[in-house]
Participant: 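Mind looking over this structure? Questions follow.
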Amino acid sequence: FVLIVIYQGRITGQIVFLRDYPYGKPLNLFGKVVGYIGIDRYNIVMMNGLQEGSVVSYKEWRLISERDTECFHKHRKN
């Protein structure tokens with residue numbers, strides 16, 4: 001169920017954060033989705049960090065949407 005939601009939720013132009021390990025906590029590295037490759041890989045234009053401005057390919061389990069990141073932090077505070 002979770003994989004289906006993640007796959008369907010990625011939209012070109014959406015801001016996503018990288019995770020520190022598969023399905024782990026979000027890092028302070030983010031970028032914008034510019035396309036997808038196959039069923040589980042996405043091209044991301046990095047917006048900060050050492051790879052800023054570069055297009056990098058990531059598996060879907062390395063990414064979390066900006067909206068889900070906000071929910072993650074609210075849950076951690078409670």
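All heavy atoms count here, side chains included; hydrogens, waters and symmetry mates do not. Treat the numbers as computed from the prediction; the structure is a model and nothing was measured.
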Participant: With clusters built from Ile, Leu, Val, Met, Phe, Trp and Tyr whose side-chain heavy atoms come within less than 4.5 Å, directly or transitively, what are the remaining members of the cluster of Val55, listed by chain and number?
Facilitator: Val34, Val45
Participant: Apply side chain to side chain contact (heavy atoms under 4.5 Å, CB included) to Leu50 and list each qualifying residue two or more places apart in sequence or on a separate chain.
Facilitator: none
Participant: Taking only residues two or more places apart in sequence, or in another chain, which ones meet Tyr58 in a ring-ring contact (aromatic ring centres under 6.0 Å, His included)?
Facilitator: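 Checked Tyr58 against ring-ring contact (aromatic ring centres under 6.0 Å, His included); zero matches.
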Participant: Under the side chain to side chain donor-acceptor pair (under 3.5 Å) rule, collect the residues that match up with Ser54, sequence neighbours excluded.
Facilitator: none
Participant: Can you tell me how far apart CZ (Arg41) and CZ (Arg62) are? Round to the nearest 0.5 Å.
Facilitator: 10.5 Å
Participant: Could you report the tightest heavy-atom contact between Gln14 and Ser65, atom names first, then the distance?
Facilitator: NE2-CB, 3.0 Å
Participant: When you measure from the side chain of Asn48 to the backbone of Asn28, do you find a donor-acceptor pair of N or O atoms at a distance under 3.5 Å?
Facilitator: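 Here the side-chain-to-backbone pair exists.
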Participant: If you round to the nearest 0.5 Å, how far is CD1 of Ile44 from OH of Tyr36?
Facilitator: 13.5 Å
Participant: Testing Leu27, Ile15, Ile64, Val16 one by one against Thr69 for a side chain to side chain contact (heavy atoms under 4.5 Å, CB included), which residue passes?
Facilitator: Ile64
Participant: Do Glu60 and Tyr42 touch side chain to side chain, with heavy atoms closer than 4.5 Å?
Facilitator: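 The answer is yes, as the side chains (C-beta and beyond) meet within the 4.5 Å cut-off.
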Participant: Nearest 0.5 Å, please: how far is NZ in Lys25 from CG in Leu18?
Facilitator: 15.0 Å
Participant: Step by step, work out the side-chain contact (heavy atoms from CB on, under 4.5 Å) result for Leu29 and Gln51.
Facilitator: CA-CA 10 Å; Leu29 297 171; Gln51 296 178 325; over 6 Å; no
Participant: Using modelled atom types only, decide if a donor and an acceptor are shared between the side chain of Arg19 and the backbone of Leu63 within a distance under 3.5 Å.
Facilitator: yes
Participant: Just how far is it from atom CD of Glu52 to atom CZ of Phe30, taken to the nearest 0.5 Å?
Facilitator: 8.5 Å
